[in-house]
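What you see below is based on every heavy atom in this structure, not just the backbone, and it leaves out hydrogens, waters and symmetry mates. Every chain is numbered from 1 and lettered A, B, ... according to where its sequence line falls, protein lines coming before strand lines.
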Amino acid sequence: MLQVNYIRENRDHVIERLALRNFKQTTLVDEVVALDEQRRQIQTESDALAASANTSARQIGELMRQGKRDEAEAIKAASGGYKEQIKQLTDRLGELEQQLHEKLVLLPNLPHTSVPAGVGAEDNEVVLEHGNKPSLAEDAVPHWELTSKYGIIDFELGTKITGAGFPVYKGKGARLQRAMINFFLDRAQQAGYLEVQPPLLVNEASGFGTGQLPDKEGQMYHVGVDDLYLIPTAEVPVTNLYRDVIVKEADFPVKLTAYTPCFRREAGSYGAHVRGLNRLHQFDKVEVVQLVHPERSYEVLEEMSSYVQSLLQALDLPYRVLRLCGGDMGFTSALTYDMEVWSAAQQRWLEVSSVSNFESYQSNRLKVRFKGESGKTQLVHTLNGSALALPRILASILENNQTDRGIRIPDVLVPYTGFEWID
RNA sequence: GGAGAGUUGGCAGAGCGGUCGAAUGCGGCGGUCUUGAAAACCGUUGUCUGUAACAGGACCGGGGGUUCGAAUCCCUCACUCUCCGCCA
């Protein structure tokens, strides 16, 4: 959520920035400014009235103590009107605050100055490409054929148990999953991230804090009887660990990592692009999250980007890094890098990580603050990234590393899998 | 699922309807003392809003009510804890 004060003082700039993500509801910005203006005016009136009422009440108390009952009664009689007036004003204030809040949550984050203009994926800027795309044999096949050929994933069985998009990993497939999770967690720990195991179900306040609610309600599975949401990413519970916390500046940077399954409804997605492991309703991911001093957040974003790339390099997967354009960036992000690996048999890039700086957009909702040098509390900047999401990494490993002999496991994973080949 | 207790500042824990944003202890910060540290002593120490700065306003789980006045009384919701039951 953007800060009202900022919008008030930088109205034109806000509109200009929002235009970069093709957000053209300039009236919304003006409505926010107007509502805020009204709110503050009513607030002032209400406060003045409350001050008078407080004074009277104090006087009455003092007079009563002194036994001056008559004088107290006189003031009491004159104080009767405050209650009704104050109630009217505070009711109005409540309405204004609610309206303001409703408008405010409709405004996405302001893109960073380096974000390219654009409307969709085709306008994203390729920052760099790394590694060589392997040239496969004539008979190379996509991963969904490899998984059944080697019996490591059973999609049909998952469909029977739950539904489409819930694969069952078996044998070396299951072990490879476990190996990747451990590999990613070990690397994160070496990079200074504290490992946590958060809940996989979160309440509404948590969903709101990181921005999934109310905007993307339909994306999450909702457990109605208990009014809880299955997490779409570890970002939600992990970032919310610091909701309403005032961080000590000495504790910066706060670096957290978590492995969790992720659940996404992805309603309305069908077709070839979502075959096999390309898009699932449940998948595994290791996430990294940082809470940092505002002055350092872009430096940290680059650091996180490098970290994610180091994983891809270790796995020896060809990848590219995109700087998302204004139109393709998530609602809450100010700058996002997407990492995509090359899927040799499908001949396409698959997104395996998204690293974002949310600046104070999330922390304003979450109320994650720190006490600065001046002694004033300020909002921290939050960042997160996938490091990494497993399914498409797996897809890429399977496709890129397929040989006559079987599928070669990347060297760094062998200590974790205990085998070198899926055959 | 059944029964009971509770929710107050970073933590612990007081709080007759008025002088309570809130005692006290611990912790934190600053200082005295010390070669240094510890101890002791002194001072200080919540958040939000608002102002150029003061002032002012709000917050004692959430919401509502009674009252001139509510942390304190009433209603309601949520959550936590304890015991029993069930259970990885």
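The interatomic distance linking A/Tyr82 (OH) with B/rC68 (P) rounds to 14 Å, in whole Å. We find that CG of A/Leu89 is positioned 21 Å from P of B/rU49, with the value rounded to whole Å. Residue A/Ile246 contributes atom CD1, which lies 6 Å from atom P of B/rC48 at whole-angstrom precision. For the pair A/Glu97 CD and B/rC48 P, the computed distance is 16 Å after rounding to whole Å. If you measure from atom CG of A/Asp47 to atom P of B/rC48, you get 17 Å, rounded to the nearest angstrom. If you take CG of A/Asp244 and C1' of B/rG61, they are 13 Å apart, rounded to a whole angstrom. Nucleotide B/rG57 holds its P atom 5 Å from the CG atom of A/Asn54, rounded to whole Å. If you take CD of A/Glu84 and C1' of B/rU66, they are 15 Å apart, rounded to a whole angstrom.
Between A/Asp30 and the options A/Arg11, A/Arg8, A/Lys103, a salt bridge (Lys or Arg N to Asp or Glu O under 4.0 Å) holds for only A/Arg11.
Under the Watson-Crick and G-U wobble criteria, each requiring two contacts below 3.5 Å, nucleotide B/rC41 is paired to B/rG31. Remark: B/rC11 base-pairs with B/rG25; criterion is Watson-Crick or G-U wobble with both hydrogen-bond distances under 3.5 Å. The pairing partner recorded for B/rU51 is none, the criterion being a Watson-Crick or G-U wobble arrangement whose two distances lie under 3.5 angstrom. The partner of B/rC16 is absent, by the rule that a Watson-Crick or G-U pair needs both atom distances under 3.5 Å. The partner of B/rU82, taking Watson-Crick or G-U wobble pairs whose two distances both stay under 3.5 Å, is B/rA3.
When distances run from any side-chain atom of A/Arg39 to the nucleotides B/rA58, B/rG50, B/rU47, the shortest one goes to B/rG50. In the set B/rG57, B/rG50, B/rC48, B/rC48 carries the atom at the smallest distance from any side-chain atom of A/Thr377.
Stacking of A/Arg365 on the aromatic ring of A/Phe208 is recorded, both the 6.0 Å distance cut-off and the 45° axial limit being met. Taking the ring centre of A/Phe419 as origin, the terminal cationic atom of A/Lys172 falls inside the region bounded by 6.0 Å and 45° from the ring axis.
Taking the P atom of each, B/rC48 and B/rU35 are spaced 43 Å apart, rounded to whole Å. Rounded to whole Å, the separation between the P atoms of B/rA37 and B/rG46 comes to 27 Å. Atom name C1', nucleotides B/rA39 and B/rU34: the rounded distance is 11 Å, in whole Å. Straight-line distance between the C1' atoms of B/rA88 and B/rC74: roughly 44 Å, to the nearest whole Å. Comparing the C1' positions of B/rC75 and B/rC11 gives a spacing of 32 Å, expressed to the nearest Å. Only the C1' atoms considered, B/rC33 is 30 Å distant from B/rA12, to the nearest whole Å. Rounded to whole Å, the C1' atom of B/rG9 lies 9 Å from the corresponding atom of B/rU47. B/rA5 and B/rG57 have their P atoms separated by 38 Å, with the value rounded to a whole Å.
Note: A/Tyr193 and A/Tyr307 have tilted aromatic rings, judged against thresholds of 30 and 60 degrees for the angle between ring planes. Below 30°, between 30° and 60°, or above 60°: for A/Tyr221 and A/His281 the angle between ring planes is above 60°, a perpendicular geometry.
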What string of B, S and - do you get for nucleotides 15-22 of chain B, 5' to 3', when a contact is any protein heavy atom under 4.0 Å?
---BB---
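In terms of position along RNA chain B, the nucleotide closest to A/Lys248 lies nearer the 5' end than the nucleotide closest to the other residue of the pair A/Ser52 and A/Lys248. Taking for each of A/Ala50 and A/Thr44 the nucleotide of RNA chain B with the nearest heavy atom, the 5'-most of the two is the partner of A/Thr44.
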Output a table of donor-acceptor pairs, distance under 3.5 Å, between side-chain atoms of residues 150-159 of chain A and any protein atom two or more places apart or on a different chain; print 'none' if there are none.
unit_1, atom_1, unit_2, atom_2, d
A/Asp154, OD1, A/Glu156, N, 3.1
A/Asp154, OD1, A/Leu157, N, 2.8
A/Thr159, OG1, A/Phe155, O, 3.0

Considering only distance and modelled atom types, tabulate donor-acceptor pairs under 3.5 Å from the side chains of residues 161-171 of chain A, sequence neighbours left out.
none

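Contact annotation: A/Arg369 does not reach the phosphate of B/rU47 (side-chain N/O to OP1 or OP2, under 4.0 Å). Between A/Lys371 and B/rC29, a side-chain N or O to OP1/OP2 separation shorter than 4.0 Å is absent.
Donor-acceptor pairing under 3.5 Å is lacking for the side chains of A/Ser360 and A/Ser363.
A salt bridge links A/Arg92 to A/Glu95: one of the charged nitrogens lies within less than 4.0 Å of a carboxylate oxygen.
Within 4.0 Å of A/Lys87, counting heavy atoms only, lie sugar-phosphate atoms of the nucleic acid but no base atom.
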